[in-house]
Participant: 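Just dropping this structure here.
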Amino acid sequence: MKHLFVIATGSAGKIRDFAHILGTDHYEFKTLKDIGFDGDIVEDGNSFAANAIIKSSVTAQWLAGKGIEATVLADDSGLEVFAINGEPGIYSARYAGDHGNDNANNDKLLSKLQGIENRSARYFCALSLQKVVRGEDGKFTVTEPKIYEGECRGAINHTPVGDMGFGYDPLFVPDGETRTFAQMELEEKKAISHRGNAIRALYIDIKE
């Protein structure tokens, strides 16, 4: 019987990221939608790790209440530009005000960086793992969160280039590359991405 991994997301794309690295021989992956969770998760933490823990904790407690053993994984990620104190950081998705308005977010970032020569940055991901376990007394409990981190360092381009990817991908040029993330094929990006690196750190730990 395969072990259940619940990814605290509604995105099927993230499921593919986890399944690709961790493998599907021994693990089954489900999203929040797949398990019937339709509650609101308020991500009001002050760091990527804090927000990841909020998502994994809410999901794990819900599963415990349903009597379902599983491993819960939740990630929070974003872009940090060092010359402007790590902005946009945890506000990456809503930097310009509207959640998920990529063009507005990119425009605001370029505006902030006008006249700044040091454009070094990193994409960063914090991944929280918690387990729902059944004790000898039959009660279900949730383990303390364990955090895995991944990053991809690079620099911010002066203009958006490329039509693949999302978010700040048209501006982010990873170290060792001349192309932005938005010019890369998905498999190329996954091989060096912040989320991929965090999942690979998790994979190493699981295997050990």
Participant: Could you tell me whether Lys131 atom NZ has more than 12 heavy atoms of other residues or ligands within 6.0 Å of it?
Facilitator: no
Participant: May I ask you to test the Leu73-Leu202 pair for a side-chain heavy-atom distance under 4.5 Å?
Facilitator: yes
Participant: Should the ring pair Tyr27 and Phe5 be called parallel, tilted or perpendicular, given that the plane angle runs from 0 to 90° and is split at 30 and 60?
Facilitator: perpendicular
Participant: Looking at side-chain heavy atoms only, is the closest gap between Pro88 and Tyr168 below 4.5 Å?
Facilitator: yes
Participant: Any link between Ile54 and Phe37 through a network of hydrophobic side chains (Ile, Leu, Val, Met, Phe, Trp, Tyr) touching at under 4.5 Å?
Facilitator: yes
Participant: Should Asp75 and Lys55 be marked as a salt bridge (charged side-chain N to carboxylate O under 4.0 Å, His left out) after you check the CA-CA gap, both sets of side-chain angles, and the distance that decides it?
Facilitator: CA-CA 8 Å; Asp75 79 283; Lys55 287 186 271 193; 5.6 Å; no
Participant: Does the gap between the ring centers of Phe29 and Phe18 come in under 6.0 Å?
Facilitator: no
Participant: Do the side chains of Ile147 and Ile90 join up, straight or via other hydrophobic residues, at under 4.5 Å, putting them in one cluster?
Facilitator: no
Participant: Please check if any side-chain donor atom of Glu87 sits under 3.5 Å from a side-chain acceptor atom of Tyr95, or the reverse.
Facilitator: yes
Participant: Any side-chain heavy atom of Leu32 sitting closer than 4.5 Å to one from Trp62?
Facilitator: no
Participant: Would Leu110 end up clustered with Tyr123 when hydrophobic side chains under 4.5 Å apart are linked, directly or stepwise?
Facilitator: yes
Participant: I'd like to know whether Thr180 forms a side-chain contact (heavy atoms from CB on, under 4.5 Å) with Phe172, so could you lay out the CA-CA distance, the side-chain angles of the two residues, the decisive distance to 0.1 Å, and finally the verdict.
Facilitator: CA-CA 5 Å; Thr180 69; Phe172 186 79; 5.9 Å; no
Participant: Going by atom types only, do Thr143 and Gln130 share a side-chain donor-acceptor pair under 3.5 Å?
Facilitator: no
Participant: Whether Lys33 and Asp38 form a salt bridge (side-chain N of Lys/Arg under 4.0 Å from carboxylate O of Asp/Glu) is what I want to check.
Facilitator: no
Participant: Is any side-chain heavy atom of Val132 closer than 4.5 Å to one of Leu63?
Facilitator: yes
Participant: Determine, step by step, whether Asn197 and Tyr148 satisfy the side-chain contact (heavy atoms from CB on, under 4.5 Å) criterion, reporting the C-alpha distance in whole Å, the side-chain angles of both residues, the deciding distance to 0.1 Å, and the verdict.
Facilitator: CA-CA 9 Å; Asn197 288 333; Tyr148 301 88; over 6 Å; no
Participant: Does a side chain donor of either Tyr91 or Asn105 reach within less than 3.5 Å of an acceptor in the other side chain?
Facilitator: no
Participant: Thr24 and Ala19: which non-hydrogen atoms are nearest, and at how many Å?
Facilitator: CG2-CB, 3.9 Å
Participant: Output yes when Lys146 and Glu144 qualify as a salt bridge under the 4.0 Å nitrogen-oxygen rule, no when they do not.
Facilitator: no
Participant: I want to check something: taking the side chain as every heavy atom from C-beta on, are Thr71 and Leu4 in contact at a cut-off of under 4.5 Å?
Facilitator: no
Participant: Between Glu69 and Arg134, does any side-chain N to carboxylate O distance fall below 4.0 Å?
Facilitator: no
Participant: Do the side chains of Glu43 and Asp76 get nearer than 4.5 Å, heavy atoms only?
Facilitator: yes
